[in-house]
Enquirer: 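Below is a structure I'd like to ask you about.
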Amino acid sequence: MTGAEGIRAGDQITIDGEPRVVLGASGTAVRFAGDDGVVEEAALAELAGSGRLRLAPRATGGHQGARTGLAGLPPEAAERARWWEAHILEVVDGTRPDAPAGTPPRPGYDVERTSLRQREQAKAAELSTPGKPVAASTVKHRRQRWQAEGLPGLVDRRVTRRRSPAGRAGQVVAEAMEQAIAEATDQSSRTATFIVWRTRELLAERGEAGKEPSRATMFRLFARLSAGRHTTGPASTRRGLAGRPQRMFSQAWPVAPGELMEIDSTPLDVMVMLDDGVPGRVELTGMIDVATRTVPAAVLRPSARSVDASVLLARALTPEPMRPGWPASLAMAHSALPYDRLLGIDERLRHAAARPVIVPDTIVIDHGSVFVSDNFRSSCAHLGISIQPAHLATGSDKPHIERMFSSLGTLFCQFAAGYLGRSADRRGRGAAVQPVWSLMQMQDLLDEWLISVWQNRVHDGLRDPLHPQRTFSPNQKYAMLIETAGYVPVPLSAEDHIELLPAVWRAVNAYGIKISHRTYDAAELNPIRQQKSGVAVRKGLWEVHHDPYDVSKVFVRGPGGWITCPWKYLDRVPAPFGELAWDHVSGQLARQGRSGASELERAQAVDELLRRAYHGPPAQTPQADAGPAGDAIAGTAGARPRPRGGTKSAARDRRVAARTRATSARDTAGTGAAIPAGGEDDGSRTLPADDRPVAKVIPLGIFDPFEEARKRW
């Protein structure tokens with residue numbers, strides 16, 4: 001406020017809106033007087049801190065601060081400004097700043113005998129040279145700028161003038177190109193030639209055709225306007241830069257585990273074996289605690305659904321048990337976590353792995369369909385969790401989970417078999433035929449890596465505020481914060497898991513409940529058949545929860561609790577499957593003109609799909625007696641027969657069956673060897689006509705109803 005020179009005697013100041021003159025200073029106090037002659041004294045810090053003090057423009061700039069305000073200017077411009085300041089000081093004070101003390105003023109500059117106007121005229125005459133006259137008005141204007149702005153006021157305006165981004169192209173052309181660059185933010189990457197062409201199109205739409213400059217000027221304008229925006233670079237980088245908030249960056253500092261958590265889904269950069277030689281990519285749904293950087297749970301699924309986010313919540317609230325094959329060092333008893341103290345509170349931690357159990361208080365979500373679904377919101381409401389939606393297309397609102405996914409790719413995924421790279425341009429040849437792990441094996445490896453590596457790896461964001469050079473691991477940070485925040489065990493019952501499943505509203509009819517052409521029934525539904533639930537907003541329908549990965553049963557919220565209703569044709573199709581296989585078969589039947597197929601036919605078609613996809617298409621075998629028609633189709637005896645149509649449909653059937661088995665399988669996979677992606681014959685190839693085997697005849701067994709009844713029980 002006071003500048004480098006401070007407040008000196010004789011300065012004009014304003015206190016409480018009244019003009020004052022500084023008489024002197026003593027220590028931290030300053031004495032001043034007003035127009036009425038009353039002398040006052042007050043502490044300078046008190047006047048400045050309360051806002052009562054205001055400084056008036058100084059009558060003279062003084063040469064003590066001559067070297068301030070010139071940073072970044074060309075040396076010749078700064079030296080020229082100092083040269084002018086020395087002459088202006090002589091006009092104002094009568095002597096040059098470099099003159100020895102006691103030196104009398106030169107003729108024409110004595111402040112007692114000449115006026116300011118006369119001194120300005122004398123200085124103009126002194127500075128004028130043949131061919132380069134200097135007017136007295138020039139000296140006057142420079143003196144006024146120096147008194148108002150100090151030394152920076154004497155700098156040549158042409159040096160500090162900011163150049164317009166439009167340059168010679170004009171503002172109209174610059175605005176059109178700005179629009180073309182903005183349009184390219186969410187589009188595929190194109191070259192600068194396209195942006196220039198689009199700019200001309202926009203000018204023509206505005207009636208400004210023909211006003212664009214030369215082609216070289218247009219490209220120079222594009223280089224200035226697109227600087228730092230990656231308009232012609234990777235689309236992901238361009239969208240990320242455009243999604244940054246136009247404000248100062250801030251960061252939340254939670255002080256308790258679970259106070260603020262972030263959740264998101266992303267495709268895993270590793271190819272996994274879904275089932276029996278069918279490789280594919282899966283979705284990773286993960287959650288991270290901001291206070292401790294702990295990843296309490298991560299779930300791999302062929303496609304992310306709302307039930308996966310609910311399962312993620314359940315896994316975060318329950319201890320992770322030690323699995324067969326894991327080293328003993330991964331147990332919580334051998335970790336940095338306060339095992340003995342936590343065991344006295346929650347007995348479930350006795351055989352748990354070294355992964356903290358965290359109860360979320362607030363979860364930051366994006367606008368993905370998985371997290372904005374009614375199922376996920378109702379699951380959070382059931383567990384007492386607040387939801388904080390992020391802004392649209394703003395990854396900076398949940399930076400910790402985004403960074404965790406990036407670290408997962410570099411610290412784990414690239415070391416796994418079947419690594420695909422984070423993008424297509426980073427993918428090597430033959431990546432899809434490498435030996436890969438099954439989905440359950442990959443889930444087991446990911447869980448082990450999170451416990452053994454991530455939770456014990458020091459994190460740059462976990463630093464001691466008093467000792468910034470010291471970093472902590474997530475487990476160490478959790479052990480520190482749990483001492484002040486405390487630990488509350490949240491045991492989840494079977495009813496809690498049912499609450500986390502997606503819900504639909506259906507009527508309880510005489511035959512039961514129908515969901516997606518499937519009928520569910522149970523004897524416990526008898527008291528509420530054809531009755532209203534009493535929920536007016538749902539028109540009297542009943543709340544039904546179901547698992548999309550297992551359609552064998554549903555759960556109805558009855559008057560006395562949950563009622564488990566099995567599928568009507570569960571005994572006809574013993575293999576469990578999910579809605580993916582059911583919807584796939586329904587589409588096939590519709591394409592065959594059998595959209596009105598019965599529920600039993602659909603169930604049998606699904607079972608046949610799973611069996612056919614598992615065993616692969618049968619080998620082509622010649623007919624025993626083809627006859628003339630057969631010869632005409634087969635051609636010559638030694639020719640390779642053409643494969644039957646429907647190869648794409650068969651591959652699609654195998655993918656659907658693989659995803660169904662991958663999601664319906666339990667965590668029974670051990671730590672076996674990797675499964676080669678292309679090692680097994682999928683049956684899509686046909687053998688030559690001479691080598692084709694004759695089909696084996698299998699006799700049909702006799703049906704024994706009593707034996708089948710014993711198997712069922």
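Every heavy atom of this structure was used, including side-chain atoms; hydrogens, water molecules and symmetry mates were not.
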Enquirer: Is it the case that the side chain of Tyr487 and the backbone of Asp346 share a donor-acceptor pair, with hydrogens and angles ignored and the cut-off at 3.5 Å?
Expert: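 Flag not set: sc Tyr487 to bb Asp346 has no pair under 3.5 Å.
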Enquirer: Among Ile513, Ile498, Val554, which residue satisfies the side-chain contact (heavy atoms from CB on, under 4.5 Å) criterion with His546?
Expert: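 Answer to the side-chain contact (heavy atoms from CB on, under 4.5 Å) test with His546 among Ile513, Ile498, Val554: Val554.
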Enquirer: Is the number of heavy atoms from other residues, nucleotides or ligands within 6.0 Å of NE2 (His351) greater than 12?
Expert: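 Open.
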Enquirer: Rounded to the nearest 0.5 Å, how far apart are CE of Met480 and OG1 of Thr292?
Expert: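 That separation rounds to 11.5 Å.
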Enquirer: Identify the two heavy atoms, one from Trp542 and one from Lys532, that lie closest to each other, and give their separation to 0.1 Å.
Expert: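 Distance-wise, the nearest heavy atoms are CZ2-O, 3.5 Å.
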Enquirer: Side-chain contact, heavy-atom cut-off 4.5 Å: Asp521 with Lys568?
Expert: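 They are not in contact (no side-chain heavy atoms under 4.5 Å apart), so the answer is no.
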Enquirer: Which one of Val364, Ile365, Asp366 satisfies the side-chain contact (heavy atoms from CB on, under 4.5 Å) criterion with Glu262?
Expert: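 Going through Val364, Ile365, Asp366 one by one, the side-chain contact (heavy atoms from CB on, under 4.5 Å) with Glu262 is satisfied by Val364 alone.
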Enquirer: Specify the closest pair of heavy atoms between Gln530 and Ala510, including all atoms of both residues, with the distance to one decimal.
Expert: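 Residues Gln530 and Ala510, closest heavy atoms: NE2-CB, 3.7 Å.
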Enquirer: Shortest non-hydrogen contact from Leu500 to Leu383?
Expert: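 Of all heavy-atom pairs spanning Leu500 and Leu383, the closest is CD2-CD1, 4.1 Å.
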Enquirer: Does the distance from a Lys or Arg side-chain N to an Asp or Glu carboxylate O, for Asp289 and Lys477, drop under 4.0 Å?
Expert: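 Result for this pair is no, no salt bridge flagged.
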Enquirer: Test of understanding: with ring pair (Phe, Tyr, Trp, His ring centres under 6.0 Å), list the residues that count as partners of Tyr478, not counting sequence neighbours.
Expert: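 Here no residue qualifies.
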Enquirer: Can you give the donor-acceptor pairs under 3.5 Å from side chains of residues 328-337 to other protein atoms, not counting sequence neighbours?
Expert:
from: His334; atom 1: ND1; to: Ala328; atom 2: O; distance (Å): 3.3
from: Ser335; atom 1: OG; to: Met332; atom 2: O; distance (Å): 2.8
from: Ser335; atom 1: OG; to: Leu337; atom 2: N; distance (Å): 3.3

Enquirer: May I ask you to check whether over 12 heavy atoms, not counting those of Arg403, lie within 6.0 Å of atom CZ?
Expert: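 Check fails, neighbour count at 12 or below.
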Enquirer: Rounded to the nearest 0.5 Å, what separation is found between the OH atom of Tyr339 and the CG atom of Leu342?
Expert: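 These two atoms lie 10.0 Å from each other.
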Enquirer: Given Trp454, which of Ile451, Leu450, Asn456 fulfils the side-chain contact (heavy atoms from CB on, under 4.5 Å) condition?
Expert: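 Single pass found, and it is Leu450.
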Enquirer: Does some side-chain heavy atom of Leu446 sit less than 4.5 Å from a side-chain heavy atom of Gln441?
Expert: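 Side-chain contact under 4.5 Å: no.
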Enquirer: What are the two closest heavy atoms between Val436 and Ala417, and how far apart are they?
Expert: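 Where Val436 meets Ala417 most closely, the heavy atoms are CG1-O, 4.2 Å.
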Enquirer: For a side-chain contact (heavy atoms from CB on, under 4.5 Å) with Met287, tell me which candidate from Asp264, Ile401, Val295, Leu313 qualifies.
Expert: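 Single side-chain contact (heavy atoms from CB on, under 4.5 Å) partner of Met287 among Asp264, Ile401, Val295, Leu313: Leu313.
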Enquirer: Mark yes or no: Lys553 above the aromatic ring of Phe555, with NZ or CZ under 6.0 Å from the six-membered ring centre and no more than 45 degrees from the axis.
Expert: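 Judged by the rule, Lys553 and Phe555 form no cation-pi pair.
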Enquirer: Could you walk me through whether Arg348 and Glu320 pass salt bridge (charged side-chain N to carboxylate O under 4.0 Å, His left out), step by step?
Expert: CA-CA 9 Å; Arg348 298 175 301 170; Glu320 180 72 23; over 6 Å; no
Enquirer: Check Asp308 with Arg301, please: is the shortest side-chain N to carboxylate O separation under 4.0 Å?
Expert: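 Yes, Arg301 and Asp308 are salt-bridged.
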Enquirer: Do Ser310 and Asn375 come close enough that some side-chain heavy atom pair is under 4.5 Å?
Expert: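 Touching, per the 4.5 Å side-chain cut-off.
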Enquirer: Roughly how far, to the nearest 0.5 Å, is NZ of Lys539 from OG of Ser533?
Expert: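 Separation between the atoms: 12.5 Å.
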Enquirer: Test side-chain contact (heavy atoms from CB on, under 4.5 Å) on Leu260 and Asp361 and set out the steps.
Expert: CA-CA 6 Å; Leu260 182 64; Asp361 181 61; over 6 Å; no
Enquirer: Evaluate the side-chain proximity of Ile563 to Leu525: yes if any heavy-atom separation is below 4.5 Å, no if none is.
Expert: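 Sidechains of Ile563 and Leu525: in contact.
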Enquirer: Is it true that Arg323 and Asp447 make a salt bridge, defined as a side-chain N closer than 4.0 Å to a carboxylate O?
Expert: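 Salt bridge between Arg323 and Asp447, a charged N being under 4.0 Å from a carboxylate O: yes.
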Enquirer: Taking all atoms of both residues into account, what is the closest heavy-atom pair of Ala503 and Glu543, and its distance?
Expert: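 Closest pair (atom of Ala503, atom of Glu543, distance): CB-OE2, 4.1 Å.
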Enquirer: So, the side chain of Glu448 versus the backbone of Leu445: is there a donor-acceptor pair under 3.5 Å, distance only?
Expert: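 Such a contact is absent between Glu448 side chain and Leu445 backbone.
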Enquirer: Any side-chain heavy-atom pair from Thr362 and Met261 closer than 4.5 angstrom?
Expert: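 Answer no - side chains too far apart.
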Enquirer: Can Trp437 and Met273 be said to form a side-chain contact (heavy atoms from CB on, under 4.5 Å), step by step?
Expert: CA-CA 6 Å; Trp437 299 95; Met273 189 69 64; over 6 Å; no
Enquirer: What's the shortest heavy-atom distance between Pro257 and Ile358, and which atoms?
Expert: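 Looking at all heavy atoms of both residues, the closest pair is C-CG2, 3.9 Å.
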Enquirer: Quick one: are Leu268 and Leu300 in side-chain contact, heavy atoms under 4.5 Å?
Expert: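 Side chain of Leu268 against side chain of Leu300, heavy atoms only: contact under 4.5 Å found.
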Enquirer: How long is the gap from NZ on Lys398 to CD on Gln388, to the nearest 0.5 Å?
Expert: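 Reported value, rounded in 0.5 Å steps: 12.5 Å.
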Enquirer: Check step by step if side-chain contact (heavy atoms from CB on, under 4.5 Å) holds for Ile263 and Leu312.
Expert: CA-CA 9 Å; Ile263 188 172; Leu312 196 71; 3.5 Å; yes
Enquirer: Do Val535 and Trp505 make a side-chain contact, defined as non-hydrogen atoms from C-beta onward lying under 4.5 Å apart?
Expert: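 Yes; the side chains approach each other to less than 4.5 Å.
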Enquirer: Under 3.5 Å, side chain of Ser473 to main-chain N/O of Arg457, donor-acceptor pair present?
Expert: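 No: the side chain of Ser473 does not pair with the backbone of Arg457.
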Enquirer: Do Arg506 and Ile515 come within less than 4.5 Å of each other through their side chains, counting heavy atoms only?
Expert: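 Sidechains of Ile515 and Arg506: in contact.
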Enquirer: Taking Pro254's backbone N and O only, do any of them form a donor-acceptor pair with Glu259's side chain (distance below 3.5 Å, no angle check)?
Expert: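 No, Glu259 side chain to Pro254 backbone: no donor-acceptor pair under 3.5 Å.
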Enquirer: When rounded to the nearest 0.5 angstrom, what is the spacing between CD in Gln455 and CH2 in Trp449?
Expert: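 Gln455 atom CD to Trp449 atom CH2 measures 9.5 Å (nearest 0.5 Å).
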Enquirer: Supply the atom-to-atom distance Phe371 CZ to Ile363 CD1, rounded to the nearest 0.5 angstrom.
Expert: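 Going from CZ on Phe371 over to CD1 on Ile363, the span is 9.5 Å.
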Enquirer: For Val357 and Thr318, run side-chain contact (heavy atoms from CB on, under 4.5 Å): C-alpha distance rounded to whole Å, both residues' side-chain angles, the deciding distance at 0.1 Å, then the answer.
Expert: CA-CA 6 Å; Val357 178; Thr318 55; over 6 Å; no
Enquirer: Under the salt bridge (charged side-chain N to carboxylate O under 4.0 Å, His left out) definition, can you give me all pairs with a residue in residues 483-492, not counting sequence neighbours?
Expert: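 For residues 483-492: Arg341-Glu483.
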